[in-house]
Amino acid sequence: MAEHIETTAVPETGVLVGLVTRSQTEEAVKDYLDELAFLALTAGITTEKSFIQKLDSPDPKTFIGKGKTEEVKAYVEENEIDVIIFDDDLSPSQLRNLEKIFNKKIYDRSLLILDIFLLRARTAQAKTQVELARSEYLLPRLTRMWTHLERQRGGTGTRGGAGEKEIETDRRIIRDKISRLKERLKQIDKQMHTQRGNRGSLVRVALVGYTNAGKSTLMNLLSKSNVFAEDKLFATLDTTVRKVVLQNLPFLLTDTVGFIRKLPHQLVESFKSTLDEVREADLLLHVVDISHPNFEEHYHTVNTTLDEIDSGDKPVIVVFNKVDAYRPKAKDPQDAEADQPADPLEELKTTWMSKVEAADVVFISALKKQNIDELRDKMYRQIKQIHVERYPHDHFLY
Ligand code: GDP
Ligand code: MG
């Protein structure tokens, strides 16, 4: 079996399914589905329609109710849709039942994210991490359809789905693969640790933030390097480290993978060593895309993830990016103008300056290079302070 499965980039069509429950409002679900459509597009799937259902809680057998299931089935058959994508995670049995009903490829958010990571991984470490996460996700979910698809991807196509015996064989193959990948990851981690150790005593600064916030753009600007940046989710997967000098102060700047709502926990697990870059940083630049209507939720998602990897207490500069594209959220489109303050961005600045405790806050545009000097200034002051605390006798640098 091929070790690295290539995801085919053939364009596909899809529909999205979201659930409004007691814990998820309709407005939130619409935003989540927008993000899901963006994720789908990143994976090469064009969204043709979204289905939203209101239920107190998900149906344990089919996630959505019977009527909605029939509505979706009619639509996907009529329009020859390839994939049905659920915003929430499906249990293995829900996945099996839905596959039986629709006889189509079913994705949930986790699997979509895993597939994107698989497409985008470049280094041996990233590839191994994603393969491991994906294998662990798939193991309990191996169904006739999945086994069939995996064989197609692996280039050993069997027609018409696989039997129980083949599924059992595939389970064994995947289990072996998981232990081999874990072993390999251990080796790579050791090498990476040594590499990081060799970087010496320079202060380390890490760019963190929600995916697509502008981290790589800022990395390029600050380090004059050429990191891949584009308007897709997870454009960069591998961390990049560059030595940067501000005035006379050298430090290491790391670009990291973006965080996202509901990052599959297998992925967080297997990305531990990538996240080590964050964990070992002395200072974080938390980049926030202020032009995104959900930026506050993004900000909190990132902080929660930072807490999860014990990095919530690090010194941080909150960098509100994309001020050039900022449009205030109108509460009511009818009287939006009447309610707007004279300068919505200025008002937003004052609220956030006082909201973010114990952190420097700066508003910039990485793309239009606005206010970058203020950011550099804040970075310089914090890095210098860290340096002085670490090397109290080193007077020569300043
Ligand atoms: P990352 O996922 O956080 O690394 O984000 P990228 O740096 O790849 O940027 C994502 C998208 O946002 C790209 O299309 C960038 O050109 C765009 N972008 C980055 N900074 C700005 C900005 O200040 N203003 C605007 N309008 N777009 C930006
Ligand atoms: Mg990036």
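It should be emphasised that the depicted structure is a prediction, and the values quoted were computed from it without experimental measurement. Whatever order the structure lists ligands and atoms in, that order sets their numbers, starting from 1.
- With salt bridges taken as basic N to acidic carboxylate O contacts below 4.0 Å, one links Lys68 and Glu71.
- Taking any N or O of Leu367, backbone or side chain, at least one lies under 3.5 Å from an N or O belonging to ligand 1.
- Here's the thing with Lys368: none of its N/O atoms is less than 3.5 angstrom from an N/O atom of ligand 1.
- One distance of note links CG of Leu39 with CD1 of Ile113; it measures 5.5 Å at 0.5 Å rounding.
- In the candidate list Lys215, Lys322, Gln370, Lys322 is nearest to atom 17 (C) of ligand 1, counting heavy atoms.
- Both the backbone and the side chain of Asn212 come within 4.0 Å of ligand 1, judged by heavy-atom distances.
- Aromatic pair Tyr75/Phe51: ring centres closer than 6.0 Å.
- Considering each of Ser216, Ser291, Ala213, Ser365, the one bringing a non-hydrogen atom nearest atom 4 (O) of ligand 1 is Ser216.
- Lys54 NZ: 12 or fewer foreign heavy atoms inside a 6.0 Å radius.
- Residue-to-ligand polar distances place Ala366 within reach of ligand 1: an N/O pair is separated by less than 3.5 Å.
- Residue Asp255 places no N or O, backbone or side chain, under 3.5 Å from any N or O of ligand 1.
- Heavy-atom separations between Gly209 and ligand 1 are all 4.0 Å or longer.
- A parallel orientation is assigned to the rings of Tyr299 and His286, their planes being inclined by less than 30° (bins at 30° and 60°).
- Inclusion of Thr211 in the set of residues having an N or O under 3.5 Å from an N or O of ligand 1 is not warranted.
- Taking only nitrogen or oxygen atoms, main chain and side chain alike, Ile364 does not reach within less than 3.5 Å of ligand 1.
- Atom CG of Leu222 and atom CZ of Phe251 lie 6.5 Å apart (nearest 0.5 Å).
- The pair Asp189-Lys186 does not count as a salt bridge, with every side-chain nitrogen at least 4.0 angstrom from each carboxylate oxygen.
- Of all the heavy atoms in Ile290 and Lys322, the pair that sits closest is CG2-O, 3.8 Å.
- Contacts with ligand 1 closer than 4.0 Å are made by heavy atoms of both the backbone and the side chain of Thr217.
- At least one N/O/S atom of Ser216, from backbone or side chain, sits under 2.8 Å from the Mg ion (ligand 2).
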